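Throughout, a chain's letter reflects where its sequence line sits, starting with A, and its residues are numbered from 1. Note that the structure is a prediction, hence the values are computed from the model and not measured.
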There are 2 protein chains.
Amino acid sequence: MAQNDTVTRILDTAEVLFAERGFAETSLRTITSKAKVNLAAVNYHFGSKKSLIQAVFARYLDPFTERFHRALDELEAHYGDQAIPLERLLETMASSVLEVPAERNSLKVFMRLLGLAYSQAQGHLRRYIQEEYGSVFTRFTALIRQATPELPDSERFWRLHFMLGSVIFTLSGLDALRDIAEKDYAEHVTVRDLVRRLRPVVVAAMQAPVPAHLSYASQEV
Amino acid sequence: MAQNDTVTRILDTAEVLFAERGFAETSLRTITSKAKVNLAAVNYHFGSKKSLIQAVFARYLDPFTERFHRALDELEAHYGDQAIPLERLLETMASSVLEVPAERNSLKVFMRLLGLAYSQAQGHLRRYIQEEYGSVFTRFTALIRQATPELPDSERFWRLHFMLGSVIFTLSGLDALRDIAEKDYAEHVTVRDLVRRLRPVVVAAMQAPVPAHLSYASQEV
DNA sequence: CTAGATTTCAAACAAATGTTTATAACTGGA
DNA sequence: TCCAGTTATAAACATTTGTTTGAAATCTAG
């Protein structure tokens with residue numbers, strides 16, 4: 001039991017430190033000392049710092065993808081060969097994300113990690129996530145495609161990333177933004193509040209009119 | 001002349017390296033060797049690595065804020081005491097951003113740097129940008145407020161950051177996304193194309209209906 | 001209880017980092 | 001020409017980094 005305890009204590013400490021300061025800015029010594037664990041334990045249990053980073057992600061993404069796949073299964077079963085409405089797809093994604101770290105209060109850590117995965121250099125991380133979890137994203141985008149048949153493929157591709165940016169950017173910078181919001185508007189915002197606010201925005205964005213010039217050849221304004 | 005040449009060579013090299021790999025992941029030795037400049041030159045001309053990072057940002061943000069302020073002056077003069085339409089404000093912001101690095105092909109570098117400013121730890125950078133360039137953002141948000149009087153203040157605050165996330169996230173990850181888009185949709189996307197695609201999306205997002213439960217006390221779905 | 005495997009630990013290692021120093025080279029005005 | 005003042009350079013400095021080592025401690029199965 002004690003050996004497993006070391007592993008989880010490392011993971012618990014590493015994930016909050018990574019989320020706070022990034023990967024390169026977090027040293028193994030900072031992690032191990034705060035986790036009250038010997039320095040060599042990381043290399044013993046994980047092999048390298050890179051592998052530790054990947055393990056931190058796997059602990060969130062594994063349960064998420066499993067849950068998300070199951071939820072999509074149910075949706076598909078319910079709608080048969082009809083297209084699943086966009087709102088339902090977005091809700092399903094949101095609740096799958098929200099449910100994963102429900103036990104801990106670490107949703108914000110999860111989102112911050114996702115933001116870092118995109119923004120930090122760490123080429124190995126992007127490769128790892130793509131190879132390990134790319135399929136669920138592919139499945140999701142295929143369903144989104146059926147839900148928005150009026151959009152050209154490339155336009156939908158870009159809009160999905162616009163919205164991904166909204167979510168990741170806002171939620172991963174939540175702490176700083178929340179401080180401002182509390183000071184200026186005297187309201188305390190939870191992650192769930194933000195998700196509620198995001199939904200109508202994302203739907204409206206996905207359904208915005210397609211500029212005419214995009215349907216044909218590109219043209220100057 | 002030669003002394004100034006060293007400074008700009010350092011800045012030119014540092015900005016692309018920072019944009020590619022982040023700040024902590026870019027060493028002074030990498031910068032100086034690629035810039036064909038002595039290692040000590042950075043500390044001599046800039047004082048420290050932190051100051052170099054700030055100088056890289058200042059070289060973009062100084063001309064941007066000046067141009068943006070001028071553009072807002074013109075808009076205000078034209079519209080008098082009427083509210084400036086949302087579309088005009090967004091267009092003005094976009095063109096101010098686009099015009100700054102027009103001489104070089106470094107708009108993508110600029111956006112990537114902005115993304116890093118938010119996502120990387122580098123507390124000193126956020127503080128520096130806030131103190132040095134916060135006023136222009138304040139002015140802009142005040143105008144956005146007049147353009148969207150139907151939005152509650154806090155809702156507008158969050159939506160602005162949703163949209164900021166879309167822009168920074170997409171444009172700062174442009175290279176990777178462009179590769180996918182070219183492979184899958186056989187289209188080469190320029191930054192200007194993306195800005196054209198972003199405009200209707202951002203407008204629709206800002207004008208999305210406000211959920212009823214946000215007007216009063218928060219309530220479960 | 002004991003032998004073998006697993007885990008912990010302190011110490012050391014090599015490499016890389018930002019910064020400083022002392023000296024040399026260069027610059028432009030008297 | 002000569003000499004302050006500025007800039008360039010090589011070398012060294014003190015830290016910090018991820019990783020490895022070998023012995024001690026702990027656990028586990030027979």
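- Atom CD in B/E25 sits about 16 Å away from atom C1' in C/dG18, given to the nearest Å.
- Mapping A/Y44 and A/A40 onto DNA chain C via the closest heavy atom, the residue that lands nearer the 5' end is A/Y44.
- The nearest whole Å value for the distance from the CG atom in A/N43 to the P atom in D/dT19 is 5 Å.
- Put simply, CG on B/L28 is 17 Å from P on D/dA10, counting in whole angstrom units.
- Between the P atom of C/dA16 and the NZ atom of B/K49 lies a distance of 15 Å, rounded to the nearest Å.
- At least one side-chain heavy atom of A/E87 sits under 4.5 Å from a side-chain heavy atom of A/V203.
- Using a 4.0 Å cut-off between charged nitrogen and carboxylate oxygen, B/R139 and B/D73 count as a salt-bridge pair.
- Residue B/S27 places none of its side-chain N or O atoms closer than 4.0 Å to OP1 or OP2 of C/dA16.
- In this entry the distance linking CD1 of B/I31 with P of C/dT19 reads 11 Å, nearest Å.
- For A/H45 and C/dT6, the shortest distance from a side-chain N or O to OP1 or OP2 is not below 4.0 Å.
- Aromatic pair B/F169/A/F169: centroids not less than 6.0 angstrom apart.
- In this structure, NZ of B/K36 is placed 16 Å from P of D/dA8, rounded to the nearest angstrom.
- Rounded to a whole Å, the CG atom of B/L39 is 10 Å from the C1' atom of C/dT17.
- Between B/H124 and B/Y128, the ring centre distance reaches or exceeds 6.0 Å.
- Regarding contacts with the backbone of D/dT7, every side-chain N or O of B/T6 stays at 4.0 angstrom or more from both OP1 and OP2.
- Taking the six-membered ring for Trp and the full ring otherwise, A/F68 and A/F140 have centroids separated by under 6.0 Å.
- Straight-line distance from the CZ atom of A/R29 to the C1' atom of C/dA16: 13 Å, rounded to whole Å.
- Residue whose closest nucleotide on DNA chain D sits further toward the 5' end, between A/T30 and A/G47: A/T30.
- The phosphate of C/dA10 has OP1 or OP2 within less than 4.0 Å of a side-chain N or O from A/N38.
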